[in-house]
Structures are given as C-alpha cells and as structure tokens.
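Worksheet for the structure shown next.
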Amino acid sequence: MACTVFYIVAIYFSSTCSFGVFFLSIFAAFAAVKSENVFSAGHTSTAPIAAAKDLRYLLYDVNPPEGFNLRRDVYIRMASLVKTLRKEGGDWVLVLPPWGRLYHWQSSDIDQTRIPWGEFFSITSLQANVPVVEYEEFIAENGGPFIDQVLVLQNYAEGWTDGKWEEKIDERPCFDKLMYSKDKQGYYRGWFWGYEETRARNVTCVSAQGHASIMAPVLQRNYTVTSVMLDRAETLLHDVYAGKDYWDTRRSMVFAKHLRLIGDEFRAKYLNSTDDRDLTAYREDWTRMKAKPGSAKGGPYLGVHLRRKDFIWGHREDVPSLKGAVKTILNLMKKHMLEKVFIATDADGEELKELKAMLPRMVRFEPPREDLELLKDGGVAIIDQWICSHARFFIGTSVSTFSFRIHEEREILGFDPKTTYNRFCGDAEKECEQPTHWKIVY
Ligand SMILES: C[C@@H]1O[C@H](OP(=O)(O)OP(=O)(O)OC[C@H]2O[C@@H](n3cnc4c(=O)[nH]c(N)nc43)[C@H](O)[C@@H]2O)[C@@H](O)[C@H](O)[C@@H]1O
C-alpha cells in the first residue's frame with residue numbers, strides 16, 4: 001500500500017493514506033526551519049564573543065551512563081557557574097558539549113555522535129541567558145582542538161567529615177581509573193565527544209563537594225589558562241535549585257523550532273490539539289513568555305510518560321507493571337473525560353506489543369527509519385516531551401528526569417499544577433508520594 005512509505009506512524013490512525021501529504025509538508029517545514037536555524041546559530045553567536053579580549057572557555061562533560069535529561073540538568077548548573085564567573089569580571093563562555101554515545105539512544109546504525117546543540121535547542125534562546133558556543137566554534141576560535149586543562153571532579157574518598165556536610169574543594173590524586181591517557185607528544189587523549197583530534201594539555205583530579213559556583217575562585221585564581229574542562233560535572237550541585245536563575249536558564253532551553261513544529265503538527269492531526277484552542281500560545285522569545293498559572297487548557301488527550309527499561313530491571317517499587325499502568329490510564333481518561341491518550345515510553349518491542357494489546361486506542365509518535373535518521377533518538381525524545389507538555393492532564397514516572405523536564409515545560413506553558421505533578425504508583429507501593437511542585441520564578 002502506497003501510504004506505508006510515509007513517515008510518522010500514529011497507531012491510532014495508521015491506515016489512512018492522507019497522512020502522507022501531512023508528513024511531506026512537515027518534512028519541508030523541517031528542512032526549511034532547520035537550515036535557517038543552523039545558519040543563524042553559527043553567525044549570531046560568535047561575532048561579539050570572538051572580538052572580546054581575554055576570553056575564557058568553560059567546557060564540561062558528564063558521567064557517560066547519564067541520560068539526556070539529566071544532562072540538561074547539569075547544563076543548568078554550568079550556566080549558573082558561568083554567570084558567577086562573569087559577575088566576578090571574567091569574560092567566560094560556556095562551550096556546549098556535543099551530544100552522543102548516550103546509553104539510552106539505542107537506535108542502531110544511526111550515527112549519533114558529535115551532535116551539535118543546535119539540532120535540539122534554539123541557540124539564540126540559550127544565548128539570551130548566557131554566552132554559549134558550539135564545540136566546533138570553540139575549535140575554530142581557539143585555533144585548534146586543544147583544551148588547556150581538564151579537571152576531573154570526584155567526591156572525597158573519605159566522605160563527609162564527622163558526618164557533617166561542608167563545601168570544600170581540593171586537588172587530590174585521582175581515585176577512579178583515569179579515562180585519559182598520555183600520547184607520545186605528551187598530550188592527553190580521551191573521549192572528547194567523539195572528536196579524536198581533541199587533546200588536553202593537562203589533566204588534574206579535584207575533589208569537590210558543593211554548589212557549582214564553588215568552582216569560581218578556583219577557575220579565576222588557580223587555573224588561569226584559556227580553556228578549562230570540568231569532567232564529571234554532575235558532581236557539582238545546583239547553586240539554587242528552582243530559584244530565578246535556575247528558571248531563567250531552564251526557560252532559555254527552548255527546543256529547536258523544527259522539533260516543536262513537528263510536535264505541533266502531530267498534535268493537530270492526531271490529537272485534535274492546537275495552541276489557539278488549548279490556550280498554549282508560545283513566544284519565540286522566552287524572556288517575554290510569562291503565562292499565567294492555570295491559563296493553559298491543553299489538548300483533549302491524556303499525556304503519559306511511562307519509563308521502562310533500566311527503571312524496571314531494578315524491580316523498583318515505585319514503577320508499575322504494564323497492567324497497573326493501563327488501569328491508571330483508563331481511570332484517568334474516564335475521570336477527565338478524555339478519549340485519547342498519547343504515550344511516550346522507552347518500552348522495548350515486547351512490552352510495546354503488550355501495551356498496544358491492552359490499550360489499542362493509544363497514540364504514539366513513531367517515526368520510520370528515514371525520519372529517525374534526521375531526528376535522531378534525542379529529537380524523538382524531545383517531540384515526545386513536547387506532545388506530553390501540551391496534554392490536558394499529564395502523568396509521568398517517579399523520579400525520572402524525563403518526566404521532570406515535562407513538568408517544567410508545562411509550568412512554563414501555564415498549566416494548573418494539579419494537571420502536571422502526577423506520577424504512576426508501583427502496584428504494591430504503600431505510600432505513593434506525588435512529585436513536588438516547583439513553582440516557576442520570573
Ligand atoms: C536510572 C537512571 O535513569 C535516568 O533516566 P531518566 O531520569 O528517566 O531520564 P533521562 O536522563 O532522559 O534518560 C532516559 C533516556 O531514555 C530514553 N527515554 C526514556 N523515556 C522515553 C520516552 O518516553 N520517549 C523517548 N523517545 N525516549 C525515552 C531517552 O533517550 C532518555 O533520554 C538516566 O539519566 C540515568 O542515566 C539512569 O539510567
């Protein structure tokens with residue numbers, strides 16, 4: 001059948017040929033927006049920065065097994081550190097670590113390394129919060145793929161002293177196996193996001209216990225070179241979790257326009273959801289986006305994030321069985337008089353089959369191969385999040401940062417917290433505490 005060649009599969013409507021026309025138009029929009037985005041990102045972001053004197057670059061990386069949304073959280077901490085460094089008079093720029101080799105991005109045969117941030121986020125929006133450059137811009141500006149100093153962050157081998165937590169930082173011998181090795185020229189080689197030509201001039205281990213800005217004096221006084229990379233940056237805590245600065249950075253993490261467009265078209269076609277009807281208008285300029293709490297109505301569907309894989313392998317108490325999840329979904333649909341349910345999940349093939357059998361009405365965003373190559377697993381995850389963020393009612397998975405980022409997106413859009421901060425309970429969970437409402441601060 002001719003329509004089988006078309007792109008995204010909505011389970012709910014999978015046999016209708018007219019969808020092909022829709023997907024082709026999406027594809028055209030995707031291509032147009034994307035090329036514009038990449039061009040403007042490269043040109044607007046560098047010019048004023050490259051001209052500055054004594055420019056210093058902060059690079060960072062995160063523990064390899066960590067997922068996409070945890071990494072988004074670490075970005076917020078690093079942006080906060082750069083703001084502190086700049087307040088203290090340093091001309092610092094944050095270098096965006098290319099995406100890739102993430103454990104959860106399991107679509108095989110697709111090259112998912114060296115992905116610039118511009119593929120997933122609006123660089124112009126990030127720039128309006130703190131100066132950032134893509135890694136390849138850094139290489140160009142820096143005159144080559146050399147990082148002057150890598151600081152590998154680690155905890156304190158001895159843990160807390162006298163059971164007391166205090167902020168501290170010291171150069172210490174590395175107590176984990178170092179992921180860097182010296183080459184014949186005396187440079188250090190490491191993963192460096194898949195850029196084999198990148199080398200570090202020096203690598204030092206630092207024990208750090210504290211908030212991100214604990215690094216500021218160290219970077220201003222002890223390591224005065226041009227480029228410093230913090231590896232294992234997740235070791236540092238947020239300066240102020242969910243304060244104004246946190247929210248400014250979080251609001252600036254606007255998804256790339258082509259991904260939002262695909263999500264919007266999908267909502268319109270398969271979920272009867274548009275911004276006008278659902279009161280979810282979005283402003284391109286995040287600094288002017290201040291939706292009144294409770295003003296968003298959301299599309300007429302239930303949004304679900306059902307985290308599986310490594311969340312069930314550990315037999316966690318707070319994660320439901322598929323049967324338990326479906327029971328909750330059906331109850332919520334009835335309660336909120338919603339006929340449609342959109343499901344975002346990382347469930348494997350077997351579980352998906354089971355889920356579809358129990359919930360034949362469910363709608364999913366499942367791009368075929370040729371789209372996946374363009375969007376990549378990260379793009380699909382963002383579109384899943386975007387669609388969940390526009391639902392009339394949302395339920396997520398306990399302690400998943402994937403669900404947390406959806407909470408935040410809904411907070412930005414102006415949803416009533418009662419429709420957002422909900423999670424599945426484990427089948428035998430006794431006290432099923434619901435997620436905390438982190439109120440947006442402007
Ligand atoms: C147990 C821990 O869980 C933490 O994950 P958690 O906070 O849920 O959230 P993330 O840090 O985003 O990692 C989970 C990854 O799994 C995929 N994934 C999960 N749910 C979905 C979904 O609904 N749709 C799509 N398209 N993809 C999904 C996606 O690649 C996502 O980045 C990890 O960061 C840690 O490394 C560790 O694995």
Side-chain angles (χ1 to χ4, degrees), residues 8-11 61-77 97 99-108 110 112-113 115 117 119-121 232-235 250 253 255-256 259 262-263 266 301-320 322 325 329 341-349 351-352 355-356 359 362-369 371-391 394-410 423-424 426 435-436:
I8 307 156
V9 177
I11 303 302
D61 203 1
V62 175
N63 192 19
E66 302 301 354
F68 186 55
N69 290 289
L70 191 107
R71 284 163 190 267
R72 287 174 67 192
D73 191 84
V74 177
Y75 170 81
I76 298 179
R77 306 177 211 181
W99 296 101
R101 205 178 65 166
L102 295 200
Y103 157 75
H104 304 91
W105 292 356
Q106 292 179 352
S107 296
S108 51
I110 296 178
Q112 305 210 60
T113 52
I115 305 172
W117 277 56
E119 294 224 1
F120 296 147
F121 297 96
R232 301 294 307 264
E234 77 286 354
T235 309
R250 177 59 186 82
M253 299 180 84
F255 292 138
L259 301 177
I262 294 173
F266 188 91
Y301 59 96
L302 175 69
V304 171
H305 174 232
L306 188 58
R307 181 78 156 82
R308 308 305 286 170
K309 295 226 172 99
D310 44 338
F311 267 44
I312 45 169
W313 297 333
H315 300 289
R316 281 176 32 179
E317 252 224 338
D318 54 351
V319 177
L322 281 186
I329 289 170
V341 53
F342 175 81
I343 302 209
T345 182
D346 60 337
D348 63 21
E351 277 211 325
L352 264 183
L355 198 57
K356 282 174 195 168
L359 204 59
M362 77 181 192
V363 180
R364 295 220 332 118
F365 178 76
E366 291 181 306
R369 178 88 197 164
D371 268 9
L372 191 59
E373 277 172 21
L374 289 170
L375 300 169
K376 309 202 170 58
D377 285 333
V380 176
I382 286 174
I383 294 167
D384 269 350
Q385 288 184 312
W386 186 248
I387 299 170
C388 282
S389 301
H390 287 76
F394 171 72
I395 181 161
T397 302
S398 175
V399 305
S400 167
T401 54
F402 192 107
S403 291
F404 291 167
R405 301 287 92 84
I406 295 172
H407 297 163
E408 292 164 349
E409 208 65 42
R410 291 175 64 87
R423 71 151 173 109
F424 287 104
T436 309

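In each ligand, atom 1 is the first atom listed, and ligand 1 is the first ligand listed. In this chain, residues are counted from 1 in sequence order.
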*Given Glu351 and Lys356, is the salt bridge (Lys or Arg N to Asp or Glu O under 4.0 Å) satisfied, shown in steps?*
CA-CA 9 Å; Glu351 277 211 325; Lys356 282 174 195 168; over 6 Å; no
Could you work out, with side chain to side chain contact (heavy atoms under 4.5 Å, CB included) as the rule, every residue matching [X], not counting sequence neighbours?
{"X": "Gln106", "answer": "Tyr103, Lys309"}
{"X": "Asn63", "answer": "Pro65, Glu66, Arg232, Glu234"}
{"X": "Thr113", "answer": "Arg101, Asp111, Trp191"}

*Electrostatic pair Asp346-Arg307, nearest N-O below 4.0 angstrom*: yes
*asked:* Is a donor from one side chain sitting under 3.5 angstrom from an acceptor on the other, for Asn69 and Thr401?
replied: no
*Give the protein residues with at least one non-hydrogen atom closer than 4.0 Å to an atom of ligand 1, ordered by chain and number.*
Pro65, Glu66, Gly67, Phe68, Asn69, Leu70, His104, Trp105, His305, Arg307, Asp310, Phe311, Ala344, Thr345, Asp346, Val380, Ala381, Asp384, Ser400, Thr401, Phe402
